[in-house]
Amino acid sequence: MKYLVRDKIFAIGDDYWIEDEQGRHAFLVDGKAMRLRDTLELKDPDGQVLVTLRQKMFSLRDAMTIERDERPLASIRRKRLSLLRNHYRVTLVEGTELDVSGRILDREFTVEYDGELLAHISRQWFHVRETYAVNVVREDADAALLVAVAVCVIRMAERERED
């Protein structure tokens, strides 16, 4: 399943829809302004919060957390000691690790678990510059989590570029 993201609207405080392949609203990204740290909520079309994305406040390295039901679900950090500048590690609370690598700022990267492709993020399917897709490859994968991972690593890579 492909999810269409228009990323020119990634400002905190702005809300925007992520659509599925048929153009239906799949997820609402709710940017929470007036917070001390970068916070986004990913909601279903009925307004139910699926996951919350937060910037870690007091981390030695840039990191973001993903929470579900107000409990930590995953932590995302740029992978240290990697030859690739755009390589991130997603550590889920139960210990599972996902690898995110590719050209993050170009919106051309993958999310893998133990060498198996879970999602491919790409602009190649669209002619509009500010649009990319999160193609969730496995049917049993947690689409909300994979979309949240894509949003997090892009935000983190953009912050690194600004610094």
Side-chain angles (χ1 to χ4, degrees), residues 1-12 14 16-21 23 26-31 38-42 50-56 59-68 72-163:
M1 173 67 80
K2 285 186 185 133
Y3 297 95
L4 172 70
V5 182
R6 290 178 182 86
D7 72 341
K8 66 179 180 173
I9 317 173
F10 267 169
I12 294 298
D14 288 342
Y16 60 93
W17 283 100
I18 295 174
E19 299 171 349
D20 66 14
E21 294 177 273
F27 304 108
L28 174 66
V29 178
D30 185 359
D38 195 356
T39 302
L40 299 169
E41 290 179 342
L42 191 66
L50 301 173
V51 292
T52 303
L53 296 68
R54 296 184 200 278
Q55 175 186 2
K56 280 196 170 184
S59 177
L60 294 175
R61 294 184 299 148
D62 194 22
M64 289 190 79
T65 59
I66 300 174
E67 300 171 1
R68 180 170 280 147
L73 177 63
S75 178
I76 303 174
R77 285 188 162 80
R78 189 166 66 82
K79 188 174 178 184
R80 286 193 285 185
L81 305 173
S82 174
L83 297 176
L84 301 172
R85 177 171 158 73
N86 291 310
H87 194 161
Y88 291 81
R89 170 81 24 95
V90 180
T91 306
L92 285 93
V93 290
E94 80 271 0
T96 303
E97 292 186 339
L98 308 179
D99 285 313
V100 180
S101 62
R103 297 184 326 269
I104 308 295
L105 294 173
D106 292 334
R107 309 315 190 250
E108 295 291 336
F109 59 96
T110 60
V111 180
E112 297 179 343
Y113 168 68
D114 202 24
E116 181 182 353
L117 181 65
L118 298 178
H120 179 217
I121 292 76
S122 180
R123 281 193 169 138
Q124 74 180 3
W125 297 295
F126 303 101
H127 299 290
V128 180
R129 174 99 173 103
E130 295 85 17
T131 304
Y132 66 91
V134 177
N135 184 15
V136 178
V137 177
R138 288 188 45 162
E139 288 185 28
D140 63 340
D142 184 342
L145 173 63
L146 293 172
V147 168
V149 166
V151 169
C152 282
V153 297
I154 289 168
R155 291 182 78 81
M156 291 171 72
E158 286 177 343
R159 271 200 306 267
E160 282 180 23
R161 180 181 60 187
E162 291 170 1
D163 290 344

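Proximity of Leu42 to Leu40: side-chain heavy atoms (C-beta onward) are nowhere separated by under 4.5 Å. Under the 4.5 Å side-chain criterion, counting only non-hydrogen atoms from C-beta, Ile154 is in contact with Phe109. Annotation: side chain of Val51 is not in contact with side chain of Leu145 (no heavy-atom distance under 4.5 Å).
For Lys2 and Asp20, the salt-bridge test fails: no basic side-chain N is under 4.0 Å from an acidic carboxylate O.
A donor-acceptor pair is defined here as one N or O able to donate and one able to accept, closer than 3.5 Å; no such pair exists between the side chain of Glu158 and the backbone of Leu105.
Here the straight-line distance linking atom CD1 of Ile104 with atom CD1 of Ile121 works out to 8.0 Å at 0.5 Å rounding. Taken from OH in Tyr132 to OG in Ser122, the straight-line distance is 11.5 Å, to the nearest 0.5 Å. Rounding to the nearest 0.5 Å gives a distance of 8.5 Å between CG of Leu53 and CZ of Arg155. The CG atom of Leu146 sits 13.5 Å away from atom NE2 of His120, with the distance rounded to the nearest 0.5 Å. For the atom pair Leu98 CG and Glu116 CD, the distance stands at 11.0 Å (nearest 0.5 Å). Taking CG of Leu118 as the start and CG of Asn135 as the end, the distance is 11.5 Å to the nearest 0.5 Å.
The number of heavy-atom neighbours closer than 6.0 Å to CD of Glu94, taken from other residues, nucleotides and ligands shown, is above 12.
Contact record, Glu112 with Leu117: CG-CA, 4.1 Å, taken as the closest heavy-atom pair. Across every non-hydrogen atom of Glu97 and Thr91, the tightest pair is OE2-OG1, 3.8 Å. The two residues Tyr3 and Ala143 make their nearest non-hydrogen contact at OH-CB, 3.6 Å.
Judged purely by distance below 3.5 Å, without hydrogens or angles, the side chains of Arg77 and Ser75 pair a donor atom with an acceptor atom.
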Inset, instruction - Please assess Arg89 against Val100 for the test side chain to side chain contact (heavy atoms under 4.5 Å, CB included), listing each intermediate value before the final yes or no. - result: CA-CA 6 Å; Arg89 170 81 24 95; Val100 180; over 6 Å; no

